[in-house]
Protein chains: 2
Amino acid sequence: MPVDPHSHVPIYEQIVEHIHGRITAGVFRPDEPLPSIRALAIELLVNPNTVQRAYQELERQGVAYTQKGLGVFVAANGAISARSMSEASVCERFEQGIDLARAAGLGDPTIRRLFDRSLHEVRETSSRHSTNGPSLPGEEASS
Amino acid sequence: MPVDPHSHVPIYEQIVEHIHGRITAGVFRPDEPLPSIRALAIELLVNPNTVQRAYQELERQGVAYTQKGLGVFVAANGAISARSMSEASVCERFEQGIDLARAAGLGDPTIRRLFDRSLHEVRETSSRHSTNGPSLPGEEASS
DNA sequence: ATGGCTGTACTAGTAACCTAATACAGTATA
DNA sequence: TATACTGTATTAGGTTACTAGTACAGCCAT
């Protein structure tokens, strides 16, 4: 449950990005159901309305589709869509950091050094996310 | 005026990070005055109260100090403080991106590829920030 | 058909961030 | 002293994100 209520990014967006990651990683496969709104709300200690909003966003993106009374399912091309959305989110964060660094007059070598430092720190602190399995088959084929 | 009212990060924090960058880059030097609250509010098209909040935060961090009736000035060790705060902000963004990427099952090579792509894209789009001069003496000495 | 799931919809309330307007206090200069 | 800058403080109002509670509607198994 990687949701941080104190983050500046809205919870529903965190959920959307979380689902993107799960689909990209192959945890949720096309035509398989996502966790029910209520179940995920309980798991994340979040209001069901917040989860619903996230699922609406996923449907708007074409990553998922809804069958009333049955649940929300991963779309046929959901894996591809989710992958590109995931990469976009990642790059967005990277670009924000790079913008900040450039504004501070930092050069590319320094920026790369900071990135490497972050890469190593996250490795040490990566004892969270992944509620069902700590080791997953890491997809390794960038477009 | 790099302030984005539509961003999820509060305007006052954007201002704080902006000032950090200016001090780190040597635009604002120790014991020199920062722009007045009202002047910066006009420049950024923002409410003076928002700028005041940013300046309060800078003072709380020890980056700046206030002399009532005179203005807000860069602290003696403001450059060092601002530099570390800038780097922390940059790394925070990087770590957010890395967390997202790992949650999507992406491996280090892919993550580095995305980072390089971001680095190049920002270079092309870097025709903003820096209100007074496009080229500044780039500090190049990381701790 | 009843019960238990699913998603959907609506209203109300809270908190954070920001805006707006105003008033006050300290400092410098003419 | 008057003026014009500085920062400070207070009150009110708006928007967004989220919470909370409730009610409704579709699907399915018993």
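Chain A is the first sequence line, chain B the second, and so forth, proteins listed ahead of strands; every chain is numbered from 1. All figures in this text were calculated on a predicted structure; none of them were measured in a lab.
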Can you check the [X] [atom1] to [N] [atom2] distance for me, whole Å?
| X | N | atom1 | atom2 | answer |
| --- | --- | --- | --- | --- |
| A:K68 | C:dG7 | NZ | P | 12 Å |
| B:Q52 | C:dA20 | CD | P | 16 Å |
| B:H6 | D:dA17 | NE2 | C1' | 16 Å |
| B:R38 | C:dT27 | CZ | C1' | 13 Å |
| A:Y55 | C:dT6 | OH | C1' | 12 Å |
| A:L44 | D:dT19 | CG | P | 10 Å |
| A:L70 | C:dG4 | CG | P | 19 Å |
| B:L45 | C:dT19 | CG | P | 10 Å |

Inset, instruction - Answer yes or no: does a side-chain N or O of B:T50 lie under 4.0 Å from OP1 or OP2 of C:dT19? - result: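 Yes.
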Inset, instruction - Indicate whether OP1 or OP2 belonging to C:dC17 is found under 4.0 Å from a side-chain N or O atom of B:R53. - result: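 For C:dC17, OP1/OP2 do have a side-chain N/O of B:R53 under 4.0 Å.
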Could you measure the distance from the [atom1] atom of [X] to the [atom2] atom of [Y]? Nearest 0.5 Å is fine.
| X | Y | atom1 | atom2 | value |
| --- | --- | --- | --- | --- |
| A:Q96 | B:D4 | CD | CG | 9.5 Å |
| B:I111 | A:C91 | CD1 | SG | 11.0 Å |
| B:Q14 | B:L44 | CD | CG | 9.5 Å |

Inset, instruction - Describe, in one word, how the ring planes of A:F115 and B:F115 are oriented to each other, choosing from parallel (under 30°), tilted (30 to 60°) and perpendicular (over 60°). - result: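 Rings of A:F115 and B:F115: parallel, as their planes differ by under 30°.
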Legend entry - Residue mapping more 5' on DNA chain C - nearest nucleotide basis, A:N49 or A:T66: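 Upstream on the strand: A:T66.
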Choosing from [options], which nucleotide comes nearest the side chain of [X]?
| X | options | answer |
| --- | --- | --- |
| A:I11 | C:dT27, D:dG7, D:dT19 | D:dT19 |
| B:P10 | D:dG7, C:dC17, C:dA9 | C:dC17 |
| A:H8 | D:dG7, C:dT6, C:dC17 | C:dC17 |
| B:S36 | C:dG7, D:dT6, C:dT19 | D:dT6 |
| B:N47 | C:dA20, D:dT8, C:dC18 | C:dA20 |

Inset, instruction - Indicate whether any N or O donor in one side chain lies under 3.5 Å from an N or O acceptor in the other, for A:Y12 and A:N47. - result: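 No pair is found: no donor N or O on one side chain lies under 3.5 Å from an acceptor on the other.
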